[in-house]
Structure formats: structure tokens, C-alpha cells
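Have a look at the structure below, then the notes.
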Amino acid sequence: MRSMSTTLRMILIPLALVALLAAAASAQPAEEESQGAFFDKVSVDIVNVEVFVTNKKDEPVTGLTAEDFSLLVDGKPTPLTNFYAEAGGQVVTLRSRDEGTGEEEGPASPAVGAPIVEERPEAQRLHLMIFVDNRNMRAANRKKSFKYLRQFLASQLDPEDLVAVASLDTSLVFRSDFLKNRDFLGRILDEVEKGGAGEAGLSLERQQIFNDLATGDGFTGNDREILSRIQVAAQTQFNAGKASVAALGAVINSLAGIRGRKAILQISDGISTNPGEAMYEAWSNRFGPQGDYTSAIGAYDLLPDFQELGRRANAAQVTFYTLDAESNHRSFGRSAAYTGGLENVITSTVLETSESNNRAPLELAAIDTGGRRIEASGRLSQQLSKIGNDFATFYSLGFRAPEASSREKHRIEVKVAGKGLRVRHREAYEDKGEDRRSGEAVIAALLYNSIDSALGVSLEPLASRSGENDTRVLPVRIKIPISQVAFLPQGEQHNAQLSFFVTVKDKKGNVRPVQKIPFKLRIPADKFDEAQSRTADYELPVVLQAGDQQVAIAVRDDIGGIGSTRRLEL
């Protein structure tokens, strides 16, 4: 286990990580690959959908059983293979269906108030990412939100829930691994709270433009002069907003390889989908309409970026929550700095445009993934409690993924019996190949030390040697317990097929593309029983550059379908 001083770190991640995390692992051909694969593997993918059920008062509903739910995938009724429920952070039912007999395994669904029957499986442990958008948040709003956020982390989460922190300052910063230590997380939040308000300059320019339109100050009466300022401000805000959405997408992508329940809580003043639209409407109110917003200002629309954000969250099986730190997006219309002409320039329509442009996109991402959008109003504590209810009381429905088709994205619809009940869940899932899953897992190990021990693999760094062009070559001995690997008998030998996935991160947070190395393991049939107590060792040469700090390696048993991920500190 690493010390706290090691865990508290600032890893600067370039926005190019978005493309890296979305790309498939690059494959290198295995020896004798041209002769064809020597095994046949039948893969069965079980998809789990987290479902939240509330009544008309938005209170969580407990006591439902599998028979109360119906599931449609791409519009087709789909039977459940697994059913899991928690109420108030306690497991109340855990059931799976034996596909061979059709009989249910595990305890029957209990009645409301029945005693606890199971412990929480590791696959249901919550991983919560706190994403602080310092670039788009005023200092006063950050301070107010953090006061209640600290209370939420201390009182609303299960002690076993894991929390990580990332922030967007001048760049994207991953602040910690996933941790249980709430005191240590509090110290991380203290550091984040000191972050600068990158939005301040943009807000001041926007405020000044509204003031000049209302008062007639700041320009010589030429309507084109101030329109030019609006065009520049809109483009500047659009570029900043696009970078912010890309950073948020990179964080979501980085969570794809985490096993278990995943949620992200974004804290921000909001990112306008159409920056400049409200300013243009105010300009039109003063000088008269002259064309539409797009022709006058430009095609600055971030809505497609937010829609893509929701798709990525669903693909990564991440539930999206957002805390709108700006409680009133209409407040600029009541500024004491405005004098004269205000009611005719900054109309209710202008205020509504500003509000919807800031609130709608994040609400859309939350709805798409089954999450929530809350506001930093006087009831923020109660609203955060609703997110806490989601984490503690939920249902998980498992189903067998449809056979591969030309469609990658699949729509999900969940219905529940009972009047007045409301259901939230992610609206889609995506088919992923095994290489993509393994690539995501090794990146999660690199960024968060999220390791998997299913295959029992261990890593042993050996003495490094000089490489070409000022590099070092670090041989890493990968030790694989033979008893954990699936072999297929073929004639006088038993054969296994493994794949290694490796990536490296430097001190600036740059993550190199994931490389795949296939590996075939053959054991003579007469030595197979004896080999069960041994390990298969493979020395993987990892090329390091100056400043490289961590290596992550995943090993996948291509026949057995299980794997392990490990991270090395250099």
C-alpha cells in the first residue's frame, strides 16, 4: 500500500488523452498467427443496468422484486439473468438465474423490512469521481458548494465507498487514486478550493457587454462595433467551453476500465451551449433584429459535444451527476451597475436564454445516464441527500447481451409495475471488444491503481539497461500461475493463449498508447499436472524515456476470459 504522501499528487493530463482512451489497443501479430488461432472461445457478456425507482415525492422505493421489472433492449423484451438490490446501503436481495436449469440461485427476494441476507459483492462497490470545474466556477460559488460537499462525503457515503478527485484548472489534474480515507480527501479538496477562477475574465467581459448595451456606454453608437465584441466573446467562450467538455469527457473515459459501480459528480457554474446567444438577443433588443444568431455571430453550438458526453458516460457505465454551483443564472440582469434602458435590453427572454444555455446541457447528460442535476440553492444539503439516496438504494438488472450485430449502441428501457413510480437508468450501452476492455482496464490501473487479481499475476522489475536514443529498457518479469490459466488439449500438448497490454505515464501525465502483445503458452501433456504448481514467466522489455514514472500491465487469458492488471512505480 502506498503512503498518503505518495497518493496526494497532481498529475497533469493533456486533453489528447480523450483520443487515447477512445482508441482501440494497437495489436502486434503473434508468432505463427498466419496459421490461424488454435482455440475457439464462446464469450457470454452480461450487461448490468443500475436502476433508481422513486415515488411522486422523489423518495426511493424499496422492496421491489425481479418480477416487478420488465426490460427492453432495442425495443425487444429481454429476460433478466441477475437481480440485485440495496436499500439504505444494505444488501436486501441477490439473485442469479441458472441458464441451464432456469432455476434461481441465492435467497428469494425478501419483503419490505426483511433482514439482511447478503454482503455487498465487490462488483457493487461505489467508485465516485468528484470533478471540480475550476475553470468555469466563481470562487464564491466554489466555497459555498464545498461546504456542503464535505458534509455529504462525511455523512452520505458508505465507509467502503471509494472516492477520487480531479479538477480542471489551467489543465486537467487527477488529484488522487480512489480512496476511503475521508480526512485525506478533505485535504485534497482544501487544495482544489484554492484553485483560480479561470472563468472570471470571460464573465467580466460578458457583464461589460450587457452593461454597455443597457447604458449606451462603451461604444460610439455604431451597432457593428459592439456586435464585433460579441462575436469575439462568443468565440472565446466557445473555445473554452469545448476544452472543458473535452476534459470532462477524458475523465469519464478514464473510468471505463474501473470495475464496479461508477459515478461522477461534476461541480461547475455551467458551460453555455450557445455562448453569445443571450448577448446577441440583448443587442437585437437595442438595435433591432438583423438576421438570426447563427448568421450574425457564428455556429457556436456545444450541444453535440454534450450529447457525445452522455454517450461516453453510457459506454463507460458511468452515472452522471452535476452540481450547478451558480444558483441563479439570471442574476446578471439585476446588476446595480446597469443604469437606464435595462428593461428594454435585458428582457425576460434574454434571461431565459442565458439560463437554459447553462443548465440544459448538463441536465441532458444526467438524464441520459440516469443521474441527477442539482442546484446550489438554500436547499443544497437536501439535494445532495438525494444523490446519497441513489448511492444507497438502487436495483441492478443483469441481462445477456444480444449477439453481435451491425449496431454498436443499444437502447435500454426499464419499466416497473406500480402507479406513480418513476424510473431512472442509463438509456444505452455499447458493445465492446475484449481488446478495448483490456485497454481501458490497463489505463484505469495506470491512472487510479485500479488493479484486478483474478488471474493472480505478479510483476517483478529487473535491472534496466541502456536503449536507443537516450532511452532505458526495463525488463519486467510477468509471473502467471499456471493453475489459473485455461488450457485446451491438442494432441501431445496443452495450449493457452494470453495477451499482454502495457502503457507508460511520465511525470507530466502523458500516457503512451496501449500496446498489445499476444503470447502462446504450450505445455507437454505428460508435464501438465506437474506444471500446475508453477508459474509461467515472461520477460517483457518496456522502453522508458526520461521522466517516466509508472508502468501498467494487464494480462488477459483469452480462453478463460479473465485477467489481472498491475501498476509499477518507477
Side-chain angles (χ1 to χ4, degrees), residues 21-22 45-54 58 60-61 64 66 68-86 123-129 131 245 248-249 251-266 304-322 360-374 386-402 407-416 421-432 436-437 440 444:
L21 294 171
D45 288 334
I46 300 299
V47 179
N48 291 289
V49 182
E50 204 168 326
V51 180
F52 310 104
V53 184
T54 54
D58 203 20
V61 174
L64 300 176
D68 294 311
F69 293 90
S70 59
L71 173 70
L72 290 86
V73 179
D74 297 329
K76 298 179 181 179
T78 303
L80 301 183
T81 59
N82 305 82
F83 180 76
Y84 175 87
E86 286 193 23
Q124 294 295 343
R125 174 184 281 192
L126 175 67
H127 294 75
L128 173 62
M129 167 61 76
F131 177 77
V245 176
L248 184 53
V251 174
I252 290 173
N253 286 349
S254 74
L255 301 176
I258 300 286
R259 296 185 62 195
R261 300 169 59 209
K262 294 169 286 190
I264 185 168
L265 174 58
Q266 186 221 22
D305 297 76
F306 282 101
Q307 292 171 332
E308 172 64 13
L309 196 67
R311 186 200 69 77
R312 287 184 181 178
N314 279 328
Q317 300 183 31
V318 174
T319 306
F320 190 90
Y321 295 87
T322 182
L362 295 179
E363 192 166 59
L364 177 65
I367 291 173
D368 283 348
T369 63
R372 291 178 180 270
R373 173 190 163 274
I374 62 174
K386 291 183 178 181
I387 295 179
N389 287 338
D390 280 1
F391 294 160
T393 301
F394 65 95
Y395 301 89
S396 180
L397 312 182
F399 63 94
R400 186 190 294 268
R407 179 183 302 183
E408 179 179 320
K409 179 180 177 181
H410 300 272
R411 299 291 298 176
I412 300 172
E413 183 179 2
V414 177
K415 299 180 180 180
V416 63
L421 299 185
R422 302 171 182 174
V423 182
R424 290 182 290 112
H425 58 86
R426 57 189 173 100
E427 297 184 349
Y429 80 93
E430 291 188 12
D431 291 330
K432 294 183 180 181
R436 179 177 171 185
R437 290 194 189 101
E440 291 172 344

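This one's a predicted model, so the numbers in the text were calculated from it and none came from an experiment.
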Run the side-chain contact (heavy atoms from CB on, under 4.5 Å) check on I46 and R400 step by step: do they pass? CA-CA 5 Å; I46 300 299; R400 186 190 294 268; 4.2 Å; yes
**Message:** Taking the side chain as everything from C-beta on, heavy atoms only, tell me whether I252 gets closer than 4.5 Å to F131.
**Reply:** no
Check: Between Y84 and N48, does a side chain to side chain donor-acceptor pair (under 3.5 Å) hold up when you go through it step by step?
Finding: CA-CA 10 Å; Y84 175 87; N48 291 289; over 6 Å; no
Here the gap from Y429 atom OH to F399 atom CZ, rounded to the nearest 0.5 Å, amounts to 5.0 Å
Between the CG atom in N253 and the CZ atom in R312, the distance rounded to the nearest 0.5 Å is 5.0 Å
Minimum side-chain heavy-atom gap E427-I412 below 4.5 Å
no
Residues V49 and H425: closest non-hydrogen pair is CG1-CB, 4.0 Å
Salt bridge (Lys or Arg N to Asp or Glu O under 4.0 Å) filter on R422, not counting sequence neighbours, yields none
dist L265:CG -> T322:OG1 (nearest 0.5 Å) comes out at 7.5 Å
Rounded to the nearest 0.5 angstrom, the CG-NE2 distance for D431 and H410 is 3.5 Å
### Query
Okay, side chain of T319, backbone of G370: is any donor-acceptor separation there less than 3.5 Å?
no
So do the side chains of Q266 and V251 get within less than 4.5 Å of each other, counting heavy atoms only? no
query: Do the numbers put R372 on top of the ring of F52, so that NZ or CZ is under 6.0 Å from the six-membered ring centre and no more than 45° off the axis?
result: no
Distance col, row I374:CD1 vs K386:NZ, nearest 0.5 angstrom, shows 9.5 Å
All heavy atoms of I264 vs all of L248, minimum pair found to be CD1-CD1, 3.7 Å
Separation between CD (E50) and CZ (F391), nearest 0.5 Å, reads 8.5 Å
Q) Are the charged groups of R437 and E440 less than 4.0 angstrom apart, N to O? A) no
All heavy atoms of L64 vs all of Y395, minimum pair found to be N-OH, 3.2 Å
Between T369 and A313, the two heavy atoms sitting closest are CG2-CB, 3.5 Å
Closest heavy-atom pair, K432 versus A256, reported as atoms and distance to 0.1 Å, is NZ-CB, 4.0 Å
Enclosure of R125 CZ (heavy-atom neighbours >12, cutoff 6.0 Å): yes
L255 and K262 have their tightest heavy-atom pair at O-CD, 3.1 Å
*Output yes when a side-chain donor or acceptor of N314 lies under 3.5 Å from a complementary backbone atom of D368, and no otherwise.*
yes
K76 backbone acceptor or donor facing T78 side chain under 3.5 Å: yes
Discussion item. For a 4.5 angstrom cut-off between non-hydrogen side-chain atoms, does L364 reach Q307?
Written reply: yes
Is there a side-chain contact between F83 and L397, using heavy atoms and a 4.5 Å cut-off?
yes
